[in-house]
Undergrad: 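Have a look at this one before I ask anything.
What you see is a predicted model, and the numbers here were worked out from it, not measured in a lab. Throughout, protein chains are lettered first and strands after them, A, B, ... in sequence-line order, and every chain is numbered starting at 1.
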Protein chains: 2
Amino acid sequence: MPRPSSVRDAVADLLRRGGRHAWSIEELHQELVASGRPADPSSVFRAVSYLHDRGLVARVMVDGKARYEVAGAHHDHVRCEGCGALAPLPGCALERLEPEVTAGTGFSITGHQLIFSGRCPDCREDGG
Amino acid sequence: MPRPSSVRDAVADLLRRGGRHAWSIEELHQELVASGRPADPSSVFRAVSYLHDRGLVARVMVDGKARYEVAGAHHDHVRCEGCGALAPLPGCALERLEPEVTAGTGFSITGHQLIFSGRCPDCREDGG
DNA sequence: GTCCGTGCAAATGCTTTGCAGCTCT
DNA sequence: AGAGCTGCAAAGCATTTGCACGGAC
């Protein structure tokens, strides 16, 4: 039986609280340190891996780097090319496409990852 | 003016020939070696970067690793969870969604990356 | 001669693992 | 005592960069 795990609990806390849409290991780590619950990055990694293995946390690969968020209702993302901000999309219009993809490719589709890219409102002003 | 570049030309050749849907640096490198045009991986990297900068090559991040393909008509991909095979999808039903995304998020959308995951026909048989 | 392309080697950045110590049961 | 969690340190991997040589203009 799992024993009290300060790091894991703190990580799960942060993810659940969701002040951000998808956390990198480093962001989680820094937030922990900032909130007075210092933890080693590798422990944070183990925490999210643990949670991911149990299906409690979803892993999103953004630009080659791993980000984590609570595994709730599936949603896709928009990423700002300017500042890297990642915003969630409300719904998912794609699941209904999966049967088509199966028919078209012979693959049995189990999921997908979609990331739109563009410029967030702030960066639109910056860059023109 | 660009000078004859054996590596770059060979890489562009491979990509154009398209015996594969998206090449990793390593695959390009190995194919070059196999076809008697040895080149250093870093030169291959520089080649694809060069081509990418000029918009001739599209870069697809698959599972945290970079893959490259000719920048022709936009298409998305399906990736097999079993063997990692990457297959292209014929069309793109997503571009028409971009306006919605813009409206919903305030981001100005410039593109997207979609990768379905599932199991390819071979792996369906293997795994059940 | 100068500039570009290449190979070689190493740095970088992030993920992942090994190991030893400590805590909780 | 036994098992799990953590910190520390280092290994792995793929990408990326520095440097010096050699050929093309």
Side-chain angles (χ1 to χ4, degrees), chain A residues 1-15 20 22-54 56-69 79 81 83-84 86 113 115, chain B residues 1-15 20 22-54 56-69 77 79 81 84 86 113 115:
Chain A
M1 168 158 312
R3 222 178 310 162
S5 161
S6 59
V7 176
R8 191 188 301 157
D9 294 349
V11 167
D13 243 39
L14 282 181
L15 291 173
R20 191 186 287 268
W23 300 73
S24 68
I25 301 282
E26 187 188 354
E27 285 163 354
L28 285 166
H29 170 241
Q30 295 194 344
E31 181 60 28
L32 288 182
V33 171
S35 57
R37 298 182 284 190
D40 192 84
S42 72
S43 296
V44 177
F45 167 77
R46 281 189 267 239
V48 289
S49 297
Y50 178 96
L51 297 168
H52 180 249
D53 285 350
R54 281 156 190 73
L56 303 173
V57 156
R59 183 178 173 166
V60 188
M61 290 302 281
V62 183
D63 196 43
K65 291 163 209 165
R67 293 185 160 273
Y68 303 86
E69 59 188 11
R79 176 174 188 275
E81 296 169 343
C83 62
L86 200 69
Q113 171 163 354
I115 300 178
Chain B
M1 168 159 309
R3 223 178 308 162
S5 161
S6 60
V7 176
R8 190 188 301 159
D9 294 349
V11 167
D13 243 41
L14 282 180
L15 291 173
R20 191 184 287 269
W23 300 74
S24 68
I25 300 282
E26 187 187 353
E27 285 162 354
L28 285 167
H29 170 239
Q30 295 194 344
E31 182 60 28
L32 287 183
V33 171
S35 58
R37 299 182 283 188
D40 192 82
S42 72
S43 295
V44 177
F45 167 76
R46 280 189 266 240
V48 289
S49 297
Y50 179 96
L51 297 168
H52 179 249
D53 285 351
R54 280 155 190 74
L56 302 173
V57 156
R59 184 178 172 166
V60 188
M61 291 301 282
V62 183
D63 197 42
K65 291 164 209 165
R67 294 186 160 273
Y68 302 85
E69 59 188 11
H77 299 88
R79 176 175 188 275
E81 295 169 344
L86 200 69
Q113 170 161 358
I115 299 178

Undergrad: For B:Glu26 and D:dT16, what is the distance between atoms CD and C1' respectively, to the nearest whole Å?
TA: 16 Å
Undergrad: Return yes if some donor-acceptor pair links the side-chain N/O of A:His29 with the main-chain N/O of A:Ala39 below 3.5 Å, else return no.
TA: yes
Undergrad: Tell me whether the NZ or CZ atom of A:Arg54 lies within the 45° cone about the ring axis of A:Tyr50 and under 6.0 Å from its centre.
TA: yes
Undergrad: Could you tell me the separation between the CD atom of A:Glu27 and the P atom of C:dC14, rounded to a whole number of Å?
TA: 11 Å
Undergrad: Can you find a side chain N or O atom of A:Arg46 that sits less than 4.0 Å from OP1 or OP2 on D:dT6?
TA: no
Undergrad: I need the NZ-P distance between B:Lys65 and C:dC14, as an integer number of Å.
TA: 17 Å
Undergrad: Check if the side chain of B:Ser42 and the base of C:dC8 share a donor-acceptor pair of N or O atoms closer than 3.5 Å.
TA: yes
Undergrad: Among the candidates D:dT15, C:dC14, D:dG7, find the nucleotide nearest to the side-chain atoms of B:Arg59.
TA: D:dT15
Undergrad: In whole angstroms, how far is the C1' atom of D:dA14 from the CD atom of B:Gln30?
TA: 14 Å
Undergrad: Atom CG of B:Asp53 and atom P of C:dC4: how far apart are they, to the nearest Å?
TA: 15 Å
Undergrad: Between B:Glu69 and B:Trp23, is there a donor-acceptor pair closer than 3.5 Å when you use the side chain of the first and the backbone of the second?
TA: no
Undergrad: Write down the atom of A:Asp40, the atom of A:Ser42, and the distance for their closest heavy-atom approach.
TA: OD2-OG, 2.7 Å
Undergrad: Between atom NE2 in B:His29 and atom C1' in D:dA14, what is the gap in whole Å?
TA: 14 Å
Undergrad: Using a cut-off of strictly less than 4.0 Å, decide whether A:Ser6 has a side-chain nitrogen or oxygen near OP1 or OP2 of D:dT6.
TA: yes
Undergrad: How close do B:Pro41 and B:Ile25 get, counting heavy atoms only, and between which atoms?
TA: O-CG2, 3.8 Å
Undergrad: Rounding to a whole Å, what distance do you find between A:Ile25:CD1 and C:dC14:P?
TA: 11 Å
Undergrad: Please tell me if A:Ser43 has a side-chain N or O lying less than 4.0 Å from either OP1 or OP2 of D:dC5.
TA: no
Undergrad: Would you mind classifying the nucleic acid contact of B:Arg67 as base, sugar-phosphate or nothing, using non-hydrogen atoms under 4.0 angstrom?
TA: nothing
Undergrad: What is the distance, rounded to the nearest whole Å, between atom CH2 of A:Trp23 and atom P of C:dC14?
TA: 17 Å
Undergrad: Tell me which nucleotide among D:dG7, C:dC8, D:dT15 gets nearest to the side chain of B:Asp40.
TA: C:dC8
